[in-house]
Amino acid sequence: MANAHKVRIIARLRPRIDGEVDDGAIQVCHPTDNTAASSNSFSSTSAAGTSYISVPNPRDPTEVFKYPFSSCYDQASTQEEVFEQDVLPLMDVVYTGVTVTIFAYGVTSSGKTHTMQGTKAQPGVIPRAVETLFNKRSEYPQYQTSFSVSYMEIYKDEVYDLLVNRENASKLPVRECDGMVFVANLSSIPIANELEFDAVYTEATKNRSVGATNLNRASSRSHAVLTIEVKMLDPARNTRLFKMTGNDATRMQESSAINKSLSVLGKVVHALNSGHSRIPYRESKLTRILQDALGGSSLGLLICNLAPGVKFRTDTVNTLKFAAQTKKIENKPVVNEQDNRPVVKPHFAALNVQRPVQQPAKALLLPEVQPTAPAPVVESLPIANTKATRRGRPSLVPRPRVSRVSSAFQPMTAPLMQIPEGIPTSQSAMAFSGLGLSEEEINDRISKAVEAEVARRLEERERARIKEEEERAAAEQAAREASGSGSGTPSRKRSTRSKSRSPRKEEAQAQPIPPGVLTPLLKRHKDMDNELQSRLQELEKKYERGDKEAKLVAALSPVSRKKTGRAYVALARAHSEKGDLQVALDLYRKAESYVPDNIKLKERIIEIEWAVKNERPFVPSPKRAKKTKAERKQERRENQEREQEEKENPLSDDQMDVDEVATSLFQGAFGAEITNAVDDGSSEEIATVPRSKSASASPNKRRRAEVESDGSSEQATPAKRAKTKVVVYGSDDEEPLAAPTKKGKRKLLA
Ligand SMILES: Nc1ncnc2c1ncn2[C@@H]1O[C@H](COP(=O)(O)OP(=O)(O)OP(=O)(O)O)[C@@H](O)[C@H]1O
């Protein structure tokens with residue numbers, strides 16, 4: 001197969017069809033006849049000489065052109081003769097792994113379809129070739145042979161897949177990889193026998209004709225390329241042969257000039273024959289696709305179909321000229337063998353090369369059969385399902401035998417990681433090469449990080465637990481202390497008893513205890529236990545409430561906390577004034593959770609706690625006398641100034657005094673002003689008394705302002721007034737205000 005082969009050119013003259021005048025202008029001549037022409041003789045190259053086609057010169061009828069060919073088939077030739085004589089030998093070539101390309105070339109209605117496809121009664125080259133290929137399979141039992149088919153149409157220099165519905169067919173790109181040309185995304189359907197092929201081919205042919213009608217195409221201006229791929233896997237040698245046989249049913253309408261593809265085909269042939277360095281394959285899709293068949297590594301057979309009659313004389317001469325040129329093309333066929341033996345394939349990342357941005361066409365990414373894997377099995381699929389099995393594949397040109405992309409190179413989504421030097425090149429390590437670490441190092445780091453995080457969380461949890469325990473212990477201690485010696489004593493007593501039990505124990509063991517002696521002790525012990533139990537439960541509830549409260553507090557903004565605290569203070573004061581000290585105490589405590597930094601509030605709580613504990617009445621802060629109209633006016637003015645100052649110098653929580661609490665009490669937190677919340681019949685009112693200027697001003701300024709504002713007041717000295725601003729929680733140094741005037745509003749003093 002290493003020998004150079006020329007494209008074998010044969011010619012076939014079709015018989016006259018109905019309506020045609022057979023004037024004998026074009027004749028097939030065999031030298032053995034010693035006649036100029038014989039329209040009824042069989043074709044062939046005789047021993048006496050080469051058969052030729054005789055065509056009278058259109059310009060000079062007296063002159064005759066003779067075109068010799070390897071085989072000349074006259075009008076009486078049969079399909080079988082053509083196949084047996086010129087196609088069948090190529091089938092054996094296919095089984096040696098060489099690509100074979102068979103062209104049919106000619107003007108419209110010259111008999112290309114008849115020769116290649118034929119009819120049911122007279123099957124042409126294609127069905128006969130397929131049948132032969134399937135039959136020959138048994139002659140090569142050492143191979144596991146599979147077949148697949150693809151079919152494309154080139155129309156107006158665009159490629160369409162004939163194996164997909166014409167409606168969905170899109171233009172297919174022609175691509176090149178390592179010098180090999182292929183049609184990307186072209187479907188390929190596996191076929192198991194001739195019947196399956198017939199079904200696929202018939203359907204595809206319909207597609208073509210239907211498509212041509214729908215798209216208003218002229219079938220004579222299109223080219224059809226059918227490819228039958230034969231894969232032969234040699235399990236023993238683990239090699240695979242790629243063999244293809246193709247049919248290029250080119251159609252020429254009136255002249256090659258009309259059809260760009262054929263025109264370029266002629267140029268390609270001319271360039272090849274002239275030995276030009278540049279062959280214009282790329283000027284048309286047809287020549288690109290057939291690049292390998294034209295001067296490539298395949299074997300070629302060109303069938304020139306000729307129509308009889310003087311009417312076709314010019315076209316026939318053009319066809320024959322083209323054929324005569326093509327004859328000179330030399331192909332160097334090669335066996336498309338692929339070595340499937342195991343190859344140590346490094347991981348892609350280990351190659352340390354940049355992955356190409358554009359992936360090779362799908363067809364070139366067919367995974368190779370691995371040595372351990374079973375050979376590919378071509379299943380016999382019903383035609384109805386064939387569309388599901390379609391996949392992209394190269395065109396009839398052989399697939400490249402070099403630089404094949406293995407399955408390891410199948411599309412990857414992750415970008416290539418460059419491998420730093422010095423890093424182990426194991427496959428697993430390479431996956432982490434982007435970090436510059438080996439897999440073990442990465443795993444180690446991850447483990448350490450996880451461990452550290454777990455340890456951190458455990459530690460955090462333990463701290464929280466200890467804190468909780470401490471708080472609980474402190475609370476219990478506080479509860480014991482709050483409940484007086486009664487509660488604290490038992491444990492101490494118990495402890496004492498426990499300590500002093502040992503000597504007694506010995507005594508008890510020595511002397512039996514008289515009956516009834518322990519009864520009161522046990523009863524007392526039980527009472528104490530019950531009391532302790534109930535207190536503990538109470539404490540738990542309290543802390544549960546406290547916990548909820550704490551969560552609520554945490555959820556509020558500082559402003560909201562302050563407002564809520566003020567609201568609780570106001571309510572607490574109301575209850576305090578009613579004498580409901582326990583409720584007031586609870587409310588003050590609630591207020592404290594919202595404004596924990598307010599010292600005055602803490603003092604107030606302690607005072608009330610003491611009062612409750614000692615069942616003593618709680619004396620609320622003295623009430624301020626109501627102000628006169630002028631005083632109120634003055635106060636309003638001061639209030640405005642204060643607000644202005646407050647805006648400029650906002651108070652901290654520590655600065656909040658009772659006035660603030662009272663002011664925000666109902667307006668801020670509850671959105672309403674509560675008046676006479678505790679209407680005890682006195683002239684006092686719970687009202688939104690504006691905070692005095694002193695409340696927000698700096699100490700000196702505050703005092704000065706109070707002196708000024710209260711200077712006319714008959715109720716208190718400036719100093720006293722100042723104190724009233726800050727002693728609202730009943731601090732010990734508070735001095736009572738003078739009796740309220742009739743319409744005076746009272747400040748919210750607890
Ligand atoms: N060798 C032959 N024997 C008998 N009839 C033939 C032969 N060759 C062609 N014909 C008939 O001639 C007619 C035209 O042939 P065919 O359709 O194959 O031409 P074609 O080159 O494929 O035309 P087109 O390019 O327009 O598709 C058909 O009716 C076909 O049956």
Side-chain angles (χ1 to χ4, degrees), residues 10-22 26-28 38-44 51 53 69 71-87 102-128 151-156 162 201-202 204-213 215-226 247-263 265 286 301-309 311-316 318-320 322-323:
I10 64 172
R12 189 184 193 191
L13 180 67
R14 72 158 171 81
R16 182 185 64 85
I17 54 177
D18 292 344
E20 279 184 345
V21 177
D22 187 0
I26 298 167
Q27 295 186 359
V28 177
S38 172
S39 61
N40 292 318
S41 61
F42 285 97
S43 63
S44 177
S51 297
I53 305 294
F69 291 99
S71 297
C72 294
Y73 295 90
D74 60 26
Q75 291 166 311
S77 62
T78 63
Q79 303 278 60
E80 190 177 8
E81 287 170 350
V82 173
F83 182 77
E84 297 283 336
Q85 179 72 26
D86 284 298
V87 179
I102 303 171
F103 302 87
Y105 183 86
V107 297
T108 186
S109 79
S110 59
K112 299 180 294 293
T113 306
H114 181 81
T115 299
M116 298 305 292
Q117 186 177 316
T119 60
K120 286 279 180 198
Q122 300 178 59
V125 167
I126 291 170
R128 288 172 191 270
Y151 199 16
M152 73 180 99
E153 182 180 43
I154 304 169
Y155 176 72
K156 288 189 177 176
L162 288 172
Y201 184 63
T202 305
T205 305
K206 273 190 216 164
N207 257 347
R208 187 182 182 199
S209 58
V210 169
T213 305
L215 298 173
N216 194 25
R217 290 182 186 176
S219 66
S220 57
R221 293 189 182 188
S222 71
H223 313 287
V225 179
L226 174 77
N247 163 42
D248 175 20
T250 59
R251 297 162 184 266
M252 184 174 70
Q253 189 175 31
E254 293 174 1
S255 71
S256 60
I258 296 173
N259 192 306
K260 182 189 170 191
S261 296
L262 290 178
S263 170
L265 186 61
L286 178 67
L301 173 67
L302 176 63
I303 304 172
C304 288
N305 287 100
L306 307 173
K311 187 173 89 174
F312 298 104
R313 191 173 47 195
T314 304
D315 298 323
T316 302
N318 287 335
T319 301
L320 292 172
F322 168 77

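Atoms within each ligand, like the ligands themselves, are counted from 1 in listed order.
Checked by atom type and distance alone, the side chain of Lys112 pairs as donor or acceptor with a backbone atom of Gly106 at under 3.5 Å. Counting only distance, with no hydrogens or angles, the side chain of Arg14 and the backbone of Thr115 share no donor-acceptor pair below 3.5 Å.
For Ser109, the heavy-atom gap to ligand 1 drops under 4.0 angstrom. Residue contacts with ligand 1: Arg12 is included, with a non-hydrogen atom under 4.0 Å away.
If you number the atoms of ligand 1 from 1 as listed, the ones under 4.0 Å from a heavy atom of Ile17 come out as 11 (C), 12 (O).
Nearest to atom 9 (C) of ligand 1 by heavy atom, out of Pro15, Ala307, Gly111, Ser110, is Gly111. When the heavy-atom distances from atom 18 (O) of ligand 1 to His114, Arg14, Gln122 are ranked, the shortest goes to His114.
Considering every non-hydrogen atom in both Gln117 and Tyr201, the closest pair reads OE1-OH, 3.1 Å.
Taking the side-chain contact (heavy atoms from CB on, under 4.5 Å) definition, one finds that Gln79 meets it with Arg12, His114, Gln122, Arg128, sequence neighbours left out.
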Verdict with reasoning, Tyr151 to Leu226, per side-chain contact (heavy atoms from CB on, under 4.5 Å): CA-CA 4 Å; Tyr151 199 16; Leu226 174 77; 3.7 Å; yes

